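Take a look at the structure set out below.
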Amino acid sequence: MEEGKAYSLNGVFAHLEMLEARAHEAAVKQEETEQQEEKLARLKARVQELRLQRDELRAKVERQEKGQLGKRGVMSDPAQRSAQAVLEWKIKSIKATLQVFYLTGISGKLTKRGVCFCISTAYEGTYLDSYCLDLLIKPEVRIHRHSVPVFIPLEQIAKKYLQTDIRRFLSVLSDHLNAYAGRRYQADQLQEHFSDQIEGTLQRNSLCNLLVFNYNVSSKSKTFPFKVRLLYGDLCCSLPTEVVVSCPPDPPASLAETAAAHSDLFRRTALHKAFRSFSSADESVDGAP
Amino acid sequence: MDNSICQVYEEIQSLEEEIKLLAEKYEDNQHESTFFSDEEIVMSIKSFQREFQGESPSYLKAELESLEADLSFLTKFTGIQFTSHFKKTVEKTRNRTVQKHRLSGNCHSLSFQLEFQLLEMQNKESVSAVITDLSIIMESGEDSDMSKFVSSTEEHGNLLTFFRSLSSYAEWCEHRRCTFLHFK
């Protein structure tokens with residue numbers, strides 16, 4: 001009887017514990033849900049604030065743009081003419097002009113001990129990497145630091161021109177860098193846009209003046225693998241000096257002609273442009289796209 | 001619940017970005033539609049010095065002087081002088097900015113006027129810049145070689161080549177002029 005009592009007391013305690021645990025869980029869940037709801041409410045209020053701010057700004061910009069139609073020139077708002085605002089305007093304008101110098105190919109900044117020049121490179125309208133040279137001018141002009149790649153003959157060029165004619169030095173260096181950037185751009189464009197015509201990998205050296213690759217030429221609905229080797233002997237030029245196009249052995253006569261025509265084309269035209277002309281020529285020859 | 005919190009976070013982020021771009025647009029418009037002459041600049045510097053005698057905002061004057069020194073040096077060194085530069089931001093989103101530029105200037109004795117669009121795009125690691133709609137007017141435009149050069153440059157958007165070639169051609173012209181003077 002005693003045992004039975006103890007058992008049922010234990011049972012009651014266990015039951016109570018279980019009820020307590022359940023209540024605790026429910027309370028925790030309730031708190032969590034309330035916290036989430038509060039958080040959501042705060043965030044929604046923030047969204048409203050931001051929406052209001054955004055709408056005000058939009059209206060401000062619209063008014064500004066309407067007011068500017070036609071007239072270039074003087075600020076009508078007298079508060080804007082504070083000396084500080086004028087100076088800040090001038091500073092911003094000069095910075096914009098200095099940025100234009102970047103587009104001309106040579107820009108720079110005076111430093112405590114000399115000048116830091118920046119040579120920009122481009123292929124047609126696309127600007128590519130730029131390279132900096134930190135020059136010291138006393139006791140003599142010398143290069144303190146630079147970001148010119150190691151395969152560009154910087155030391156040779158510096159030895160020849162740096163002491164006597166800095167402009168010439170920068171000009172020759174710019175020729176080298178622009179030609180290198182142009183060659184690299186052509187190879188990159190080829191890999192990016194014409195990879196379906198290239199068999200295997202395009203082999204190139206770091207200076208990008210030696211390119212070897214295989215590409216497919218289709219003639220009368222058959223494809224033939226051509227191999228091409230391009231050597232850019234003039235480091236200041238982005239067109240090759242030597243082109244060897246080889247077709248498979250025992251080619252039909254027309255194919256040999258095509259190889260000769262391609263060889264000539266590669267000598268005169270940028271690589272990716274040459275391939276672009278192949279695609280359009282193919283389409284017109286085969287008829288249906 | 002989590003889903004709706006996520007959505008709200010996204011909306012907050014997009015609104016904050018929109019606000020940032022609108023504020024920048026306002027600043028750009030303000031800057032691009034303003035013009036102060038050199039006299040006004042000089043007057044402002046003087047009144048600025050009076051206002052803030054001895055206090056720290058002389059950093060503005062120092063920054064202005066440093067930038068002007070850089071510009072003056074580059075102009076003398078390259079021979080390229082920009083006499084006017086108008087810029088208008090035509091499009092500005094998170095990754096893309098398109099600006100229309102109108103530039104006039106001279107390279108030694110050769111005067112030019114340019115208009116172009118500059119597209120800047122932010123990709124993963126870097127910013128790319130591309131020139132389109134390039135239009136060039138040279139003062140000495142009657143020269144047939146010059147006009148051939150100009151049209152080929154315009155066609156390919158070759159702004160960089162234009163300046164480099166202009167620079168060496170202008171220097172050669174200067175050189176020739178000096179040589180002839182020597183013999184007069």
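Note on naming: letters A, B, ... go to the chains in the order of the sequence lines (proteins, then strands), and numbering restarts at 1 for each one. What you see is a predicted model; the values in this text were computed from it and never measured.
Looking at E11(B), its side chain never comes within 3.5 Å of a backbone N or O of V47(A) through a donor-acceptor pair.
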| field | side-chain contact (heavy atoms from CB on, under 4.5 Å) assessment of K90(A) paired with D38(B) | value | CA-CA 9 Å; K90(A) 183 72 179 167; D38(B) 284 341; 3.9 Å; yes

| Audit row: H31(B), S93(A), side-chain hydrogen bond (donor to acceptor under 3.5 Å, both in side chains) steps and yes/no | CA-CA 8 Å; H31(B) 184 264; S93(A) 293; 3.3 Å; yes

| message | Under the criterion side-chain contact (heavy atoms from CB on, under 4.5 Å), I'd like the reasoning laid out for T78(B) against T104(A): C-alpha separation, chi angles, the key distance, then a yes or no. | response | CA-CA 10 Å; T78(B) 61; T104(A) 68; 5.6 Å; no

| H101(B) vs Q99(A), side-chain contact (heavy atoms from CB on, under 4.5 Å): CA-CA, chis, key distance, verdict | CA-CA 12 Å; H101(B) 289 257; Q99(A) 280 186 326; over 6 Å; no

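The CD atom of Q7(B) sits 12.5 Å away from the CG atom of L43(A) when rounded to the nearest 0.5 Å. We find the CD-CG distance between E17(B) and L50(A) to be 12.5 Å, quoted to the nearest 0.5 Å. Rounding to the nearest 0.5 Å places OG1 of T97(A) at 12.0 Å from CG of D70(B). In this structure, CG in L64(B) is found 11.0 Å from CD in E88(A), a value given to the nearest 0.5 Å. In this structure, CG in L57(A) is found 13.5 Å from NZ in K20(B), a value given to the nearest 0.5 Å. Residue I91(A) holds its CD1 atom at 10.0 Å from CD of E65(B), rounded to the nearest 0.5 Å.
The nearest pair of heavy atoms linking K44(A) to V8(B) is N-CG1, 4.3 Å.
Ranking F73(B), Y9(B), F116(B), F77(B) against chain A, the residue ahead of the rest is F77(B), based on heavy-atom pairs under 4.5 Å. When each of I19(B), V130(B), I12(B) is scored by its heavy-atom pairs under 4.5 Å with chain A, the top score falls to I19(B). When the candidates R51(A), K39(A), E49(A) are compared by the number of heavy-atom contacts under 4.5 Å with chain B, R51(A) comes out ahead. Heavy-atom pairs under 4.5 Å with chain A peak, among T132(B), I131(B), L134(B), at I131(B).
In summary, E65(A) and K25(B) engage in a salt bridge, as defined by a charged side-chain N under 4.0 Å from a carboxylate O. The pair E16(B)-R46(A) counts as a salt bridge, with a side-chain nitrogen and a carboxylate oxygen less than 4.0 angstrom apart.
For residues 161-170 of chain A, the interface with chain B (any heavy-atom pair closer than 4.5 Å) comprises I166(A), R167(A), L170(A), sorted by residue number. Of residues 154-167 of chain B, those residues lying under 4.5 Å from chain A by any heavy-atom pair are H156(B), G157(B), N158(B), L159(B), L160(B), F163(B), R164(B). At a heavy-atom cut-off of under 4.5 Å, chain B is reached by G105(A), I106(A), S107(A), G108(A), K109(A), L110(A), V115(A) from residues 105-115 of chain A, listed in order of number.
With sequence neighbours left out, Y131(A) forms a ring-ring contact (aromatic ring centres under 6.0 Å, His included) with no residue at all.
In this structure, chain A has a heavy atom under 4.5 Å from the side chain of S66(B), while its backbone stays farther away. Interface residue N178(A): only side-chain heavy atoms are found under 4.5 Å from chain B. Heavy-atom distances place both the backbone and the side chain of S174(A) under 4.5 Å from chain B.
F82(B) and F101(A) have perpendicular rings, their planes meeting at more than 60° on a 0 to 90° scale where under 30° would count as parallel.
Heavy-atom neighbours of Q156(A) CD from other residues, nucleotides or ligands within 6.0 Å: at or below the threshold of 12. Heavy atoms of other residues, nucleotides or ligands lying less than 6.0 angstrom from NE2 of H175(B) number 12 at most. Heavy atoms of other residues, nucleotides or ligands lying less than 6.0 angstrom from CD of E140(A) number more than 12. Applying the 6.0 Å contact sphere to NZ of K92(A) captures more than 12 heavy atoms from other residues, nucleotides or ligands. Heavy atoms of other residues, nucleotides or ligands lying less than 6.0 angstrom from CZ of R94(B) number 12 at most.
T126(A) places none of its side-chain heavy atoms less than 4.5 Å from the side chain of S128(B). Residues K95(A) and E63(B) form a side-chain contact, since some pair of their non-hydrogen atoms from C-beta on lies under 4.5 Å apart.
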